[in-house]
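Just so it is clear, the values below take in all heavy atoms, side chains as well, and ignore hydrogens, waters and symmetry mates.
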Amino acid sequence: MSKHQRNAALHHPFIRDYGMLFVLLILGLLFSAITIKLQHPTGEDAGRQVANLIVARHGTKARVLIVTRNTKEDLTFAEAAEKQFKRSGAAVLGNINGSPADVRKAIEATLSQGEQIDAIAANDVTSKWTVYDQYPTVGSAKCITPSPYYWPDFLKVSNLLGVANQTAIYAIIAIGMTMVIVTGGIDLSVGSFVALSAVCSAIVIRDWGGGSSAGFGIVILGSLIGIGVCVIAGIFNGLMITTFRMPPFIVTLGMMMMASGMAFRLSEGRSIPELPATFFWLGRGQTLRVPHPVFLMIILYVIAHFVMSRMVFGRYVYAIGGNEEVARLSGVPVKRVLLAVYTICGALAGLGGIVLASQLSAGDPKFGLMYELEVIAAVVVGGTSLMGGHGKIFGTLIGAFIIAVIKNGMNLTNVDPFNQKIVLGAVLILAVLLDTLKRRGAGK
């Protein structure tokens, strides 16, 4: 391949806009390879599997004890196993969900009634308890566990959903930040908006709706007020930047401190946990095992992609970032577009605050700390130029997931938290360096 052909390939629109997708895939393969471990099944499928194993070995007349801990996954395991035993005709002598002391009591009660224990349905943890060997007619040899298998910790469904759920708030805020940075601006106040929105909504729900007894209507009202406060703050940012031509860095830095101070003042520096269960639906609810913040993130990204790639507003945003003066002379309403961009950024940061408060069951003035840097990093790593004029919405989503995958992979491989900060800082610098080199190459 000639030098001209290589340059043409590197500057292909898909490679230019979504090249970081390949980085994300490489990271996924890397962390998958280094986190392969022996997995011990849990949950509903594991319960059915161990029940089938016992019936296959001991027949449908088997007399069985089910032994698990009192955790959500173990309880699901025990319930599924018991149902499967009943279907097959096996006798469940007891379903113990607790500690070794609880198992001891159950075994003694069963043996005192003259019952014989043919098998014990257990998982990897409960099968290792030594309590069974205290009874000659029982013994740990009667423990049957689900068949283990090798699989990456990174590719566990629970881990992948956890990564997506943790990324959702940053990614939602990053939509607005992408628009701001494409215009050549910056917004440092989004982290404080997260705290302000969470606190304002929690105060409204607590003081106007009775806190934990508040109805659905007051939850909606409180959430809208929390977002609305951030919309007003975003409008203020936009007005100061467009009307008085103040640098976005200074305006949003000042707003960052003001919004944080307001959050602490309104909450008196305390967390506000008096919230109803209906408020937690958005942040902690699931549909088809997928967390609701992930659905919200997907919907917002589809809308934002359409706005930025198919609507006049999106073309205006790119035009301003490319050359604001030329855009103005071409008839682009620069001030109105910039005002709208900062307002949208404030609104999405406010929405992120509502989601975070819903996830953590409280409004807290300490929420959102350093979020602005995480969000900016996601936007830049996703390919948006800090110089403005270039960037893609889905590129930002890829950037957010790159950072989340790196953090998750380092946690799974027990990388020290201080070293994690070093790595993430290096990733951000490398992303900016690549953008700079691409711009220099395009200028030649």
Task: Atom NZ of Lys61: over 12 foreign heavy atoms under 6.0 Å - done: no
- [ ] May I ask you to decide if Gly353's main-chain N or O and Ser197's side chain share a donor-acceptor pair within less than 3.5 Å?
- [x] no
TODO: Indicate yes or no: does Lys83 engage Glu79 in a salt bridge with an N to O separation below 4.0 Å.
DONE: yes
Task: Side-chain heavy-atom pair Pro291, Leu161 within 4.5 angstrom cut-off - done: yes
- [ ] For Thr384 and His390, test the side chains for any donor-to-acceptor distance below 3.5 angstrom and give the result as yes or no.
- [x] no
TODO: Find the distance between CD (Gln134) and CD1 (Ile107) and round it off to the nearest 0.5 Å.
DONE: 8.0 Å
TODO: Output yes when a side-chain donor or acceptor of Ser260 lies under 3.5 Å from a complementary backbone atom of Met256, and no otherwise.
DONE: no
TODO: Return the minimal non-hydrogen interatomic distance between Asn165 and Pro293, and the atom names on each side.
DONE: OD1-CG, 3.4 Å
Open item on the list: When you compare the side chain of Met387 with that of Thr436, does any pair of heavy atoms fall below 4.5 Å?
Closed with: no
TODO: Check whether any side-chain heavy atom of Tyr132 sits under 4.5 Å from a side-chain heavy atom of Val67, and report yes or no.
DONE: yes
Task: Trp129 atom CH2: more than 12 heavy-atom contacts under 6.0 Å - done: yes
Open item on the list: Minimum heavy-atom separation for Cys200 and Gly226, please, with both atom names.
Closed with: CB-CA, 4.1 Å
Task: Check: Val231 and Phe193 side chains under 4.5 Å, non-hydrogen atoms - done: no
Open item on the list: Quick check for you: to the nearest 0.5 Å, what is the distance between Ile203 atom CD1 and Ile272 atom CD1?
Closed with: 4.0 Å
- [ ] Go through the side-chain N and O atoms of Ser201 and Ser223 and say whether any donor and acceptor fall under 3.5 Å apart.
- [x] no
TODO: For residues Ile227 and Ala347, report the shortest heavy-atom separation together with the two atoms involved.
DONE: CG2-O, 3.8 Å
Task: Asn95, Asp118, Ile96 screened by side chain to side chain contact (heavy atoms under 4.5 Å, CB included) with Leu65, the one that passes - done: Ile96
Open item on the list: Over 60° means perpendicular and under 30° means parallel, so tell me whether Tyr301 and Phe394 are parallel, tilted or perpendicular.
Closed with: parallel
- [ ] Answer whether the closest heavy-atom distance between the side chains of Cys345 and Val190 falls below 4.5 Å.
- [x] yes
- [ ] Classify the side-chain pair Lys156/Gln39 by whether it contains a donor and acceptor separated by less than 3.5 Å.
- [x] yes
Task: Any donor-acceptor pair under 3.5 Å from Asn237 side chain to Thr252 backbone - done: no
Task: Non-hydrogen atoms of Ile205 and Pro276 that approach each other most closely - done: CG2-CD, 3.5 Å
Task: Row check, Phe280 ring normal vs Arg284 NZ/CZ: under 6.0 Å, within 45° - done: yes
Task: Side-chain (Ser112) to main-chain (Glu108) donor-acceptor, under 3.5 angstrom - done: yes
Task: Spatial distance of atom CZ (Phe401) from atom CG (Leu160) [nearest 0.5 Å] - done: 9.5 Å
Open item on the list: Please evaluate residues Ile402 and Ile398 with respect to the criterion side-chain contact (heavy atoms from CB on, under 4.5 Å), reporting the C-alpha separation (whole Å), side-chain torsions for both, the decisive distance (0.1 Å), and the verdict.
Closed with: CA-CA 6 Å; Ile402 286 175; Ile398 293 169; 4.0 Å; yes
Open item on the list: Main chain of Met308, side chain of Tyr318: is a donor-acceptor contact present, judged purely on distance under 3.5 Å?
Closed with: no
Open item on the list: Checking the side chain of Ser88 only, and the main-chain atoms of Phe85 only, is there a donor and an acceptor separated by less than 3.5 Å?
Closed with: yes
Open item on the list: Take a 6.0 Å sphere around CE of Met410 and say whether it holds more than 12 heavy atoms from other residues, nucleotides or ligands.
Closed with: yes
- [ ] Return the minimal non-hydrogen interatomic distance between Ala174 and Val379, and the atom names on each side.
- [x] O-CG2, 3.8 Å
Open item on the list: If the test is side chain to side chain contact (heavy atoms under 4.5 Å, CB included), which one of Val405, Asn159, Ile26, Asp153 qualifies with Phe31?
Closed with: Val405
Open item on the list: Is any side-chain heavy atom of Val50 closer than 4.5 Å to one of Phe77?
Closed with: yes
Open item on the list: With a 3.5 Å distance limit and no angle check, can you tell me whether Gln49 reaches the backbone of Ser147 through a side-chain donor-acceptor pair?
Closed with: yes
Task: Side chains of Thr42 and Glu73, donor plus acceptor under 3.5 Å - done: yes
- [ ] May I ask you to decide if Asn70's main-chain N or O and Asn97's side chain share a donor-acceptor pair within less than 3.5 Å?
- [x] no
TODO: May I ask you to decide if Phe279's main-chain N or O and Ser358's side chain share a donor-acceptor pair within less than 3.5 Å?
DONE: yes
TODO: Working to the nearest 0.5 Å, report the span between NE2 of His305 and OG1 of Thr178.
DONE: 13.0 Å
TODO: Tell me yes or no: between the side chains of Asn123 and Thr145, is some donor less than 3.5 Å from an acceptor?
DONE: no
Open item on the list: Looking at every heavy atom in both Gly368 and Leu356, which two are closest together, and how far apart are they?
Closed with: N-CD2, 4.3 Å
- [ ] Return yes if some donor-acceptor pair links the side-chain N/O of Thr35 with the main-chain N/O of Phe154 below 3.5 Å, else return no.
- [x] yes
- [ ] Using a 4.5 Å cut-off on heavy atoms from C-beta on, say whether the side chain of Val294 contacts that of His292.
- [x] no
Open item on the list: Counting neighbours of OH on Tyr149 that are heavy atoms of other residues, nucleotides or ligands and sit closer than 6.0 Å, is the number greater than 12?
Closed with: yes
Open item on the list: One pair to check against side-chain contact (heavy atoms from CB on, under 4.5 Å): Ile406 and Val423. What are the steps and the verdict?
Closed with: CA-CA 9 Å; Ile406 291 173; Val423 171; 4.1 Å; yes
Task: Pairwise distance CG(Leu424) to CG(Leu373) - rounded to 0.5 angstrom - done: 11.5 Å
- [ ] Before accepting this row, confirm whether a basic side-chain N of the pair Glu82/Arg87 lies closer than 4.0 Å to the acidic partner's carboxylate O.
- [x] no
Open item on the list: Run Thr137 and Gln116 through side-chain contact (heavy atoms from CB on, under 4.5 Å) and show every step you take.
Closed with: CA-CA 8 Å; Thr137 58; Gln116 177 184 335; over 6 Å; no
Task: Leu300 side, atom CG; Leu351 side, atom CG - distance, nearest 0.5 Å - done: 6.5 Å
Open item on the list: For Val381 and Met20: C-alpha separation, side-chain torsions, deciding distance, then whether side-chain contact (heavy atoms from CB on, under 4.5 Å) applies.
Closed with: CA-CA 8 Å; Val381 170; Met20 296 304 285; 3.9 Å; yes
Task: Close side-chain approach of Trp151 and Lys37, heavy atoms under 4.5 Å - done: no
